[in-house]
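Reading through the structure tokens given below for one structure.
Side chains are part of it too, since the values below use all heavy atoms of this structure and drop only hydrogens, waters and symmetry mates. Residue numbering restarts at 1 for every chain, and letters A, B, ... go by the order of the sequence lines.
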Number of protein chains: 2
Amino acid sequence: MSSIIDKKMNAKTRSFEKTRQTLNVTGLRVTNQRALIMDIIRQGDEHLDADEVYRRARAKQPRLSLSTVYRTLQALKKVGLVEEVHIDETRHYYEIKPPTEHHHLVCLECGRVVEFQYPLARLIKRKVIEAKDFEITGSEIRMTGYCPSCRQKRK
Amino acid sequence: MSSIIDKKMNAKTRSFEKTRQTLNVTGLRVTNQRALIMDIIRQGDEHLDADEVYRRARAKQPRLSLSTVYRTLQALKKVGLVEEVHIDETRHYYEIKPPTEHHHLVCLECGRVVEFQYPLARLIKRKVIEAKDFEITGSEIRMTGYCPSCRQKRK
DNA sequence: TACTAGATGCAAATGAGTAGCATTATTGAT
DNA sequence: ATCAATAATGCTACTCATTTGCATCTAGTA
């Protein structure tokens with residue numbers, strides 16, 4: 001039975017279904033809005049802010065409201081499915097919680113964001129935990145500077 | 001002549017004068033408002049947000065406006081005299097640009113902020129520069145977690 | 001001392017994020 | 001499959017940090 005369904009499903013539907021599965025185990029109710037929002041973040045190659053998620057989501061579900069986007073983002077963050085990143089100071093961005101730790105490098109000129117890997121956790125966490133006796137739940141490195149092409153232009 | 005003045009000056013006046021000197025070399029005009037604001041940040045042991053700076057400043061100069069605080073903070077940041085730190089997501093905090101690199105550890109429960117030293121620059125910058133060819137101008141680590149006393153309470 | 005660009009004060013605007021509340025939809029039990 | 005309980009949604013109105021426009025003032029300089 002599910003094989004028939006499988007054959008009918010295109011790539012998009014399948015991704016959507018997978019998202020529903022994922023949501024299901026979190027205890028959150030599985031609504032179309034949530035599945036859609038999460039799907040958008042999963043598909044989104046860049047970091048998306050609430051408004052961009054909203055714009056993309058409305059293309060599919062015009063009645064969806066911005067509050068729902070905000071609330072869903074908070075909910076997904078709380079259950080650990082998405083991560084909130086602080087790339088610039090004016091808004092929050094979201095990405096699917098990544099399996100490998102990475103951080104962000106922001107060009108002050110053009111705003112381009114480059115990710116870089118760095119095992120901050122392993123190196124620093126232990127020291128900080130020992131020294132300050134904190135229980136660490138999250139860590140983020142944000143570096144700012146100028147990307148190659150902008151550096152060129154400035155000269 | 002200056003010796004007479006020196007004798008008349010109390011600690012506060014002296015700090016204020018020092019601040020004027022500092023401002024003078026930046027090319028920024030030395031106004032009472034700016035000297036006062038910078039002085040407040042210098043004296044402030046904690047991290048201050050714009051509103052707290054405003055409150056403290058008005059005690060001395062009641063006519064000073066909040067816009068001036070914001071504009072001054074931006075100006076001081078631009079010339080590199082103060083640093084903007086992103087401890088929580090709702091507002092910006094400011095501190096005198098420190099000689100030794102340090103970062104912040106925020107308790108998610110009580111909001112307490114603990115600084116910790118870590119030579120991020122030396123360790124990571126080189127790698128990032130090599131790998132991504134960025135020119136790095138600033139870096140910030142923000143770790144979140146639970147401080148000892150809040151951890152206690154949670155149990 | 002007079003000029004002038006840069007700084008200030010005030011008030012109004014902006015914009016991200018939140019909250020209240022009536023309506024709707026999901027889920028677990030019947 | 002139906003239904004009640006309750007979580008989620010869609011509005012709209014709000015909050016609150018930060019910004020902006022503009023008339024006025026003032027520090028630095030000729």
Side-chain angles (χ1 to χ4, degrees), chain A residues 16-17 19-40 47-55 57-79 81-82 84-94 111, chain B residues 16-17 19-40 47-58 60-79 81-82 84-94 111:
Chain A
F16 199 79
E17 278 312 309
T19 301
R20 293 186 79 92
Q21 303 287 318
T22 312
L23 279 174
N24 212 17
V25 295
T26 63
L28 292 176
R29 284 192 180 172
V30 182
T31 65
N32 290 330
Q33 294 83 328
R34 282 191 179 149
L36 175 59
I37 288 169
M38 184 158 171
D39 226 43
I40 285 169
H47 309 96
L48 307 176
D49 63 7
D51 205 65
E52 181 58 32
V53 171
Y54 180 48
R55 252 173 278 138
R58 261 193 316 183
K60 295 265 171 192
Q61 282 183 221
R63 292 190 48 100
L64 178 134
S65 83
L66 183 55
S67 333
T68 297
V69 173
Y70 275 108
R71 278 185 291 227
T72 301
L73 257 15
Q74 288 307 318
L76 294 177
K77 173 182 154 194
K78 190 167 268 177
V79 298
L81 287 176
V82 307
E84 187 180 81
V85 293
H86 306 101
I87 291 168
D88 73 37
E89 294 103 57
T90 54
R91 60 183 125 287
H92 299 158
Y93 294 83
Y94 298 86
Chain B
F16 199 79
E17 280 310 309
T19 301
R20 295 185 79 91
Q21 305 285 320
T22 312
L23 279 174
N24 211 18
V25 296
T26 61
L28 291 177
R29 284 195 181 169
V30 181
T31 65
N32 289 329
Q33 291 86 327
R34 281 190 180 151
L36 175 60
I37 288 169
M38 184 157 171
D39 227 43
I40 285 169
H47 309 96
L48 307 177
D49 65 6
D51 206 64
E52 181 57 34
V53 171
Y54 179 49
R55 251 174 278 137
R56 296 188 186 192
R58 260 194 317 184
K60 295 263 170 193
Q61 282 183 220
R63 292 190 48 99
L64 177 134
S65 83
L66 183 56
S67 334
T68 298
V69 172
Y70 275 107
R71 278 186 290 227
T72 301
L73 257 15
Q74 288 309 317
L76 294 177
K77 173 182 155 193
K78 190 168 268 177
V79 298
L81 287 177
V82 306
E84 190 181 79
V85 293
H86 307 103
I87 292 168
D88 73 37
E89 293 104 57
T90 54
R91 58 182 125 288
H92 299 157
Y93 293 84
Y94 298 85

**OP:** For B:K77 and D:dT18, give me the distance from atom NZ to atom P, rounded to whole Å.
**Re:** 10 Å
Original post:
Should B:T26 and B:T22 count as side-chain neighbours, where that means a heavy-atom distance under 4.5 Å?
Top reply: no
Original post:
With sequence neighbours left out, what residues match A:K78 under side-chain hydrogen bond (donor to acceptor under 3.5 Å, both in side chains)?
Top reply: none
**OP:** Check the distance between D:dT18's P and A:R91's CZ and give it to me in whole angstrom.
**Re:** 14 Å
Original post:
To the nearest angstrom, how far is A:D88 atom CG from C:dG15 atom C1'?
Top reply: 13 Å
**OP:** Might you point out which heavy atoms bring B:D49 and B:E52 nearest each other, and give the distance in Å?
**Re:** OD1-N, 2.8 Å
**OP:** Examine C:dT8: is either OP1 or OP2 under 4.0 Å from a nitrogen or oxygen in the side chain of B:S65? Give yes or no.
**Re:** no
Subject >> Inter-axis angle, terminal five-pair segments of the helix from C:dT1-D:dA30 to C:dT30-D:dA1 [nearest 10°] >> reply: 30°
**OP:** Look only at the side chain of A:R91 and the backbone of A:A50, and say whether a donor-acceptor pair between them is shorter than 3.5 Å.
**Re:** no
Subject >> Non-hydrogen atoms of A:Y93 and A:H47 that approach each other most closely >> reply: CD2-O, 3.7 Å
Original post:
A:Y54 has an atom OH; how far is it from atom C1' of D:dC11, in whole Å?
Top reply: 10 Å
Original post:
What's the verdict on side chain to side chain contact (heavy atoms under 4.5 Å, CB included) for B:R20 and B:N24, showing C-alpha distance, side-chain angles and the deciding distance?
Top reply: CA-CA 6 Å; B:R20 295 185 79 91; B:N24 211 18; over 6 Å; no
Original post:
Once you round it to whole Å, what is the distance between C1' of D:dT26 and CD of B:Q61?
Top reply: 13 Å
Original post:
For nucleotides 18-30 of chain C, read 5' to 3', which letter fits each nucleotide if B means a protein heavy atom sits under 4.0 Å from the base, S means only the sugar-phosphate is that close, and - means neither?
Top reply: BBB----BBS---
Original post:
In whole angstrom, what separates B:L64's CG from C:dA7's P?
Top reply: 15 Å
Original post:
Which value, rounded to the nearest 0.5 Å, describes the distance between B:L81 atom CG and B:T72 atom OG1?
Top reply: 12.0 Å
Original post:
In whole Å, what is the span from the NE2 atom of B:H92 to the P atom of C:dA16?
Top reply: 13 Å
Original post:
Which atom pair, heavy atoms only, marks the closest approach of A:A57 to A:L36?
Top reply: O-CD2, 3.6 Å
Original post:
Could you state the CZ-P distance from B:R34 to C:dG6, rounded to the nearest angstrom?
Top reply: 11 Å
Subject >> Taking every non-hydrogen atom, the tightest pair across A:V82 and A:L73 >> reply: CG2-O, 4.1 Å
